[in-house]
2 protein chains.
Amino acid sequence: MPKNCNFIEKLREVGLRPTKQRVKMCEVLYNREKTFHFTINDLVKLLSEKMNQKISLATVYNTVHAFEKKGYLKEISIDSHKSYFDTNTSAHHHFFDEDTHELIDCDESDIDKVNIRKNITGKKINSVEVLVRVASDNQTQK
Amino acid sequence: MPKNCNFIEKLREVGLRPTKQRVKMCEVLYNREKTFHFTINDLVKLLSEKMNQKISLATVYNTVHAFEKKGYLKEISIDSHKSYFDTNTSAHHHFFDEDTHELIDCDESDIDKVNIRKNITGKKINSVEVLVRVASDNQTQK
DNA sequence: ATCTACATTATAATAATTCTAAACTGTTGA
DNA sequence: TCAACAGTTTAGAATTATTATAATGTAGAT
Ligand SMILES: [Mn+2]
Ligand SMILES: [Mn+2]
Ligand SMILES: [Zn+2]
Ligand SMILES: [Zn+2]
């Protein structure tokens, strides 16, 4: 309960009204130790099942995209069939577990700086991100 | 006309019947110097407008996915809202032009080998791919 | 307490993709 | 050569993810 004050302020700063739906959404998104990777459906389920917050799908979409525009969330393209979002909004690298479909942030130290030798003429580099696809080691998979 | 024989054989080898739709599709996909990156819609348009091959959307989807399963095409996740496919099926790196939404293969020499220092326990690395997002240099974009 | 701008909601609309089932066609072997 | 069959194409329906709409609700100011 007291923690929510942070979120209320946070929302205000960004120009969003701290409604109960948004505060609950903040709790789900940001009350955690580690980066949170999720789909819209993950988030709706967490809100309704774990947080007992009835909320419409449209509100979740709208608010997630509002957060994204404000730089509080980042959309990640890992699977063309689904949108993943990430509470870590910096450019960073990922492991993607192809068994569980889980996204995991790489630590800074996990991957050396990527050296780009040649760029497209007349273009500047906005971001460089690495995706490492991993899968179970002990599986018979040709 | 003589070139098509290659495609007819290619299709046969893979266990697909060399129908005129599939042969035309092969021409569009593989009769080119460089890697081809496309969306399903790009392909349908090329087939109907450039090749004068009337073809249903369902057939394009089915055949593209058949090729994908056979390892003749690879799906690329660049934009969660659209599926891109690639005639280069090896693990490789890309530039993505955020102005034109164009995907461009990196040459081997463009990017140094990516050094992964630490992996997820019990998992093996299936692929390591880099995505470099670029945009116009001379644009006012904060 | 009332007002008002903004938010929430259910529902409709749209877009991408997949499914279905009937019509069609490449291949085989009589 | 040609019927028969199995695989293929097709139009359109169904499904799924996402976005738009417009009526209703509510936070925050006065
Ligand atoms: Mn999106
Ligand atoms: Mn696909
Ligand atoms: Zn992340
Ligand atoms: Zn490519």
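Residue numbers begin at 1 in each chain, while the letters A, B, ... track the order of the sequences.
Rounding to whole angstrom units, CD1 of residue I40(A) and C1' of dT16(D) are separated by 14 Å. Rounded to a whole Å, the CZ atom of R22(B) is 14 Å from the C1' atom of dT10(D). K45(B) places its NZ atom 14 Å from the C1' atom of dA16(C), with the value rounded to the nearest Å. Across the protein-nucleic acid pair, E9(B) atom CD and dG26(C) atom P stand 18 Å apart, rounded to whole Å. Atom-to-atom, NZ of K82(A) to P of dT17(C) comes out at 15 Å; the value is rounded to the nearest Å. Atoms NE2 (H81(A)) and C1' (dA17(D)) sit 12 Å apart, rounded to a whole Å. For Y84(B) and dA16(C), the OH to C1' distance is 14 Å, given to the nearest whole Å. For the pair L47(A) CG and dT9(C) C1', the interatomic distance rounds to 15 Å; values are reported in whole Å.
In terms of modelled atom types and a separation under 3.5 Å, the side chain of S90(B) and the main chain of H92(B) share no donor-acceptor contact. Counting only distance, with no hydrogens or angles, the side chain of D107(A) and the backbone of D110(A) share no donor-acceptor pair below 3.5 Å. Within the 3.5 Å criterion, the main-chain N or O of L103(A) finds a donor-acceptor partner in the side chain of H37(A).
Placement of I55(A) and L16(A) within a single hydrophobic cluster is found when ILVMFWY residues are connected by side-chain heavy-atom separations under 4.5 Å, directly or transitively.
Within residues 52-61 of chain A, the residues that have a heavy atom under 4.0 Å from DNA chain C are, in order of number, K54(A), I55(A), S56(A), A58(A), T59(A).
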Reading 5' to 3' through nucleotides 23-30 of chain D, protein heavy-atom contacts under 4.0 Å coded B for base, S for sugar-phosphate only, - for none: ---BBS--

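Figure legend: K10(A) and Y72(A) shown as a cation-pi pair, the cationic atom lying under 6.0 angstrom from the six-membered ring centre and within 45 degrees of its axis.
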Residues Q21(A), T59(A); criterion side chain to side chain donor-acceptor pair (under 3.5 Å); working and verdict: CA-CA 8 Å; Q21(A) 288 90 346; T59(A) 300; over 6 Å; no

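The phosphate of dT18(C) (OP1 or OP2) has a side-chain N or O of H65(B) nearer than 4.0 angstrom. Checking the phosphate oxygens (OP1, OP2) of dT25(C), no side-chain nitrogen or oxygen of Q21(B) falls inside 4.0 Å.
For L16(B), the side-chain atoms get nearest to dT8(D) when compared with the rest of dT10(D), dA7(C), dT8(D).
Here E129(B) pairs with K74(B) in a salt bridge; the nearest charged N to carboxylate O distance falls below 4.0 Å. Using a cut-off of 4.0 Å between Lys/Arg side-chain N and Asp/Glu carboxylate O, K123(B) and D99(A) are scored as salt-bridged.
For H65(A) and F85(A), the gap between ring centers is short of 6.0 Å.
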